[in-house]
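The figures that follow rest on heavy atoms only: side chains count, while hydrogens, waters and symmetry mates do not.
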Amino acid sequence: MKTFRQTVFNDYLLILFGSALVGLSFNLFLLPARLAAGGVSGISTIIYELYGANPAYVQWLINIPLFILAVILAGRDFSMKSLVGTLFVPFTIWVTGGINLGVQNPLLSSIYGGILLGVGLGIVYRGNGSTGGTALIAQILKKFTGISSGFAQLIVDGGVVLASAFVFDFELALFALMSIYVTSKVIDFVQLQTSPQKLILIITEREDEVKKIIRDEIDRGLTKLRVTGGHSNRERTMILCVAEQSEAVYLKKMLNEKEPASFVVFLNASEILGHGFSKERIYE
C-alpha cells in the first residue's frame, strides 16, 4: 500500500514539474516568436494575435470540455492526473507572463521551445498524465491505436499549424511545424530514456573465449543462443550482451585483437532494465 501511494505521489510530482516546463516553453520561446506550435497553446497564440486575449484564460476555457472528454473516455485516474496538468500549465503561463528572455528569432524559438516543450510533455506522460487540450487527445489516440505519444502529438497538432499559416504567415507556420517535430522526437526520447547503451550481438565458434573476454574485460552478463549459419549450415553460438558506450568501444577493441573471426553487431538500446543496469548486479 505504501509503495502504491509513493508511486502515485511520484506521478503527481512528475506531472507538476513537466507542466511547469510546458508553461515556460510557451512564455519564453513560442509566444514571443508568434509560433502556434500546435495544441491549445497554439490556439491561444492565434487568439492572442487576433484579439489580445490572455493565453492562460483561453487555455483554461478550451480545456474544460476536453477534460470532460477525458472523464468519459480515459477513466477517473487518468482524468484526475490530467486535471492537474490542465490547471497547472495555464497557471504557470499566468505566473510567468512577465518573464522575457528577449528571444524572438523564430528559428531559435522553434528549436529550444520545441525541446523544452518536449521534455515537459515527456515528463508529464511518464507520470501517466496529460496537460489537457490536444495533448490529451494525443494520449487518447495513443491508448486506442498503440502509436507513440510523439507521433500522436504530431498528428493532432497539424490543424493548428495550418490555421496559423493564415493568421501569421507561411514562414512562421513552417517554423511552428519544425517546433512540433522537435517536440515529438524529444517526447519519445524522454519516455524511452534513450541512452548511449549498446546491445552487442556476437556470433562465434569460440564461445568460451568470447565469454571470458566479456566477463573479464567489462564485467557484464550475457545470454547465449544456438544459431545456424545460412550458408554453411554449421551451428554457432550467438552471445547477447548489453554495455555502456565506453564499455562497448573497449569490448570492440578486445574482440578485434583476440577474436577477429567473430561476427559482431552493435545496436543502440533505448532503455535497459534489470540487474546490472537499473538494479544491483547479481552474480550467479
#### Entry: CG-OG distance between Leu108 and Ser110, expressed to the nearest 0.5 angstrom
7.5 Å
### Query
Does the pair Leu121 and Val22 meet the rule for a side-chain contact (heavy atoms from CB on, under 4.5 Å), with working shown?
CA-CA 7 Å; Leu121 288 175; Val22 171; 3.9 Å; yes
### Task
Taking the side chain as every heavy atom from C-beta outward, state whether Ile218 and Tyr250 have any pair of such atoms under 4.5 Å apart.
yes
### Task
Flag yes if Phe170 and Leu50 sit in one hydrophobic cluster, no otherwise; membership is Ile, Leu, Val, Met, Phe, Trp, Tyr, and two members link when side-chain heavy atoms are under 4.5 Å apart.
no
## Note on the structure
All heavy atoms of Ser262 vs all of Ile202, minimum pair found to be CB-CG2, 4.0 Å
### Shortest non-hydrogen contact from Ala176 toward Leu35
N-CD2, 4.0 Å
### Query
How close do Ile46 and Phe168 get, heavy atom to heavy atom, and via which atoms?
CG1-CE1, 4.0 Å
### Summary
Partner of Ile200 under side chain to side chain contact (heavy atoms under 4.5 Å, CB included), picked from Leu222, Ile214, Leu251, Leu267, is Leu251
### Query
Taking side chain as C-beta onward, heavy atoms only, is Thr237 less than 4.5 Å from Leu225?
no
### Message
Please determine whether side-chain contact (heavy atoms from CB on, under 4.5 Å) holds for the pair Phe88 and Thr131, giving the CA-CA distance in whole Å, both sets of side-chain angles, and the decisive distance to 0.1 Å.
### Response
CA-CA 8 Å; Phe88 201 72; Thr131 56; over 6 Å; no
### Query
Cluster partners of Phe166, using ILVMFWY side-chain heavy atoms under 4.5 angstrom, listed by chain and number?
Leu162
### Summary
Checking Glu205, Met254, Arg206 against Glu259 for side chain to side chain contact (heavy atoms under 4.5 Å, CB included), the one that qualifies is Arg206
## Note on the structure
With Glu217 as partner, the option from Lys258, Lys212, Lys253, Lys252 fulfilling salt bridge (charged side-chain N to carboxylate O under 4.0 Å, His left out) is Lys258
### Message
Other residues, nucleotides and ligands only: do more than 12 of their heavy atoms fall within 6.0 Å of CD on Glu171?
### Response
no
### Message
Under 4.5 Å between side-chain heavy atoms, counting indirect links through other Ile/Leu/Val/Met/Phe/Trp/Tyr residues: same cluster for Leu61 and Leu83 or not?
### Response
no
#### Entry: Heavy-atom side-chain proximity of Ser44 to Ile62 below 4.5 angstrom
no
### Query
Just wondering, do Leu31 and Pro55 contact through their side chains at under 4.5 Å, heavy atoms?
yes
## Note on the structure
One should read off an interatomic distance between Thr204 OG1 and Met238 CE, to the nearest 0.5 angstrom, of 12.5 Å
### Considering all heavy atoms, the nearest Val124-Ile15 contact
CG2-O, 3.7 Å
### Listed partners of Ser232 passing side-chain contact (heavy atoms from CB on, under 4.5 Å), at least two apart
Arg234, Arg236
### Query
For Asn27 and Thr96, does a side-chain donor sit closer than 3.5 Å to a side-chain acceptor?
yes
### Query
Which atom names give the shortest non-hydrogen contact between Ala248 and Phe266, and what distance separates them?
O-CE2, 3.7 Å
### Message
For Val186 versus Ile115, what's the shortest heavy-atom pair and its separation?
### Response
CG1-O, 3.7 Å
### Query
Shared ILVMFWY cluster between Leu174 and Met178, side chains joined below 4.5 angstrom?
no
### Message
Donor-acceptor pair, distance only, cut-off 3.5 Å: does the side chain of Thr183 make one with the backbone of Gly114?
### Response
yes
### Straight-line distance of Glu235 CD to Asn233 CG, nearest 0.5 Å
10.5 Å
### Task
Please test Phe26 against Val89 for side-chain contact (heavy atoms from CB on, under 4.5 Å), starting from the C-alpha separation and ending with a verdict.
CA-CA 9 Å; Phe26 180 81; Val89 170; over 6 Å; no
#### Entry: pair Leu87-Trp60: side-chain heavy atoms closer than 4.5 Å
yes
### Task
Please round to the nearest 0.5 Å and tell me the distance separating atom CG of Asn105 and atom CZ of Phe175.
7.0 Å
### Query
CD1/Ile93 to CD1/Ile99 distance, rounded to the nearest 0.5 angstrom?
12.0 Å
### Query
Are Tyr181 and Tyr125 connected in a single hydrophobic cluster, I mean Ile/Leu/Val/Met/Phe/Trp/Tyr linked by side-chain heavy atoms less than 4.5 Å apart?
no
### Task
Begin with the C-alpha distance, continue with both residues' side-chain angles, and end with the deciding distance and a verdict on side-chain contact (heavy atoms from CB on, under 4.5 Å) for Phe29 and Leu116.
CA-CA 9 Å; Phe29 297 106; Leu116 189 58; 4.1 Å; yes
### Task
Check whether any side-chain heavy atom of Val161 sits under 4.5 Å from a side-chain heavy atom of Ser164, and report yes or no.
yes
